[in-house]
Amino acid sequence: MLDLQNPESDLLRNHGAVIGEEAHIRSARDTGPRYDAQYPREKLDTYGNLVLLCPTHHSIVDKDGGAAWPTEAVEKFKSTHEQAVDAATSAADLTARDLQELLAAQIAIWETKAQLATWRVATSHLNNVYPQLRQDEADGLFELGAWLLERRWPDGYPRIVYAFEHFRHVLTCLLELIGRSFEAKGEILELPREYKRIGWDATLYNELISEFNVKANVTWLLTMELTRAANLIISAVAAELDPLYRLTEGYVLMQDGDAFWGIELSRLQHDSPSSGSLPQAYSLQALIDRTALELGGGDPRRERDIDLYAVDVSEWARPVTGNGPDHPAG
């Protein structure tokens, strides 16, 4: 709440500056204003216990431990002000505000389910020379995939909707690979090295080591692509919803390497999509086939590598369409 008796407040308000201070109705400190030992601690920093005041009124309501402004009086003051604001706001504005709040809440849920806080750790596991993932990390990704599939995104935020759908397509491709090719080993899911489990059979060994190398490269490519997709969401939210979004945390970084070879952090990003473009589905089989082709079959002993950072993963994973000579049906 701004102090409208102060001419400076009018000037700042007219220029979009917020000079209010976030105040607690009930203090978190037992010696603070309006402290309530019965009030749940987990609710102290929630909307119901906060009020926005100008600096002057903040000092007034907290003076002498809030003796002149008990809890009920501050809550009534807050409620009266909110009713006045709502009365002066059109239904369309209220709907837009509610929509923005709901969308922001969905984005916060995505941040948690996507484990952005530990993104470096998860990507370091997938980028291991022997790709792996903790069981809880894998479970979280599968839960995230289902959650994204259920989402109905609102109109009016084309970049955000595109970014989330793109992220979903990339994640779906990675989850298909994990579900089809990784196996459990205790609390770890890993890409199995079947070539180490057989008796000597040169032909079968060559086939299995090539298959492992191709799928390891595909895992690394999809880990990079998912990192780009996560950062595309961050850019889209900052552009269309909240310019201050993750201004402190920043973009997510992908971790590669290990303590022996050295650890490398990379900030991978997509260009913003062109207006009206639609997100593309990713075909795991198409990506496997193209990767095998570029690796000359996949046998690592041939020392044929891919510059992973230069690969256009969306092009390599483009679903095959048509039933021409090169694309038979079935």
Side-chain angles (χ1 to χ4, degrees), residues 1-4 9 13 16-89 91 93-119 136 139-140 143-144 146-148 150-154 157 160 164 233-234 237-238 240-250 252:
M1 176 180 178
L2 302 180
D3 183 357
L4 302 183
S9 295
R13 180 164 56 90
V18 177
I19 62 171
E21 295 180 354
E22 190 176 73
H24 286 85
I25 297 175
R26 301 166 187 82
S27 177
R29 295 177 289 107
D30 57 6
T31 57
R34 295 168 297 280
Y35 174 73
D36 182 354
Q38 303 303 314
Y39 196 75
R41 293 200 63 82
E42 65 271 16
K43 293 185 177 182
L44 288 171
D45 292 319
T46 61
Y47 180 77
N49 193 49
L50 298 173
V51 60
L52 189 66
L53 299 169
C54 71
T56 301
H57 286 156
H58 191 176
S59 299
I60 291 174
V61 299
D62 284 354
K63 186 177 180 180
D64 298 328
W69 285 89
T71 299
E72 296 76 11
V74 179
E75 288 184 325
K76 182 178 180 181
F77 176 71
K78 174 185 175 182
S79 176
T80 301
H81 175 71
E82 288 179 333
Q83 291 173 17
V85 170
D86 286 349
T89 305
D93 288 339
L94 285 174
T95 300
R97 186 182 70 188
D98 291 343
L99 181 59
Q100 289 172 353
E101 291 175 354
L102 288 171
L103 182 55
Q106 295 299 298
I107 292 166
I109 293 172
W110 167 77
E111 275 198 35
T112 301
K113 290 183 177 293
Q115 305 169 62
L116 296 197
T118 56
W119 192 270
D136 64 298
D139 290 344
E143 181 183 336
L144 173 60
W147 181 82
L148 287 170
E150 294 171 341
R151 299 277 65 76
R152 184 177 71 83
W153 301 106
Y157 301 92
I160 292 176
F164 270 105
I233 291 176
I234 293 172
V237 173
E240 289 188 334
L241 185 65
D242 180 6
L244 301 182
Y245 179 63
R246 289 186 67 86
L247 196 61
T248 301
E249 302 92 337
V252 295

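These figures come from a predicted structure and were not determined experimentally.
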What distance separates [X] [atom1] from [Y] [atom2], expressed to the nearest 0.5 Å?
X	Y	atom1	atom2	value
Ile233	Arg246	CD1	CZ	11.0 Å
Tyr35	Thr31	OH	OG1	9.5 Å
Tyr157	Ile107	OH	CD1	9.0 Å
Arg26	Glu75	CZ	CD	4.5 Å
Ile25	Asp36	CD1	CG	11.5 Å
Leu148	Ile109	CG	CD1	11.0 Å

Taking all non-hydrogen atoms of both residues, which atom of [X] and which atom of [Y] are closest, and how far apart?
X	Y	answer
Gly66	Pro33	N-CB, 4.1 Å
Leu99	Pro154	CD1-CB, 3.7 Å
Gly32	Ser27	CA-OG, 3.4 Å
Leu44	His24	O-CD2, 3.1 Å
Ala67	Pro70	O-CD, 4.2 Å

Counting only heavy atoms not in Glu150, do more than 12 sit closer than 6.0 Å to its CD atom?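 Yes, the 6.0 Å shell around CD holds more than 12 heavy atoms from other groups.
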Spell out, as yes or no, whether a donor-acceptor pair under 3.5 Å connects the side chain of Thr80 to the backbone of Lys76.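 It does hold such a pair.
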Any side-chain to backbone donor/acceptor pair from Arg34 onto Trp69? Under 3.5 Å, distance only.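 At least one qualifying donor-acceptor pair exists.
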Aromatic ring pairing Trp147/Trp153, orientation class (parallel under 30°, perpendicular over 60°, tilted between):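 Correct class here is perpendicular.
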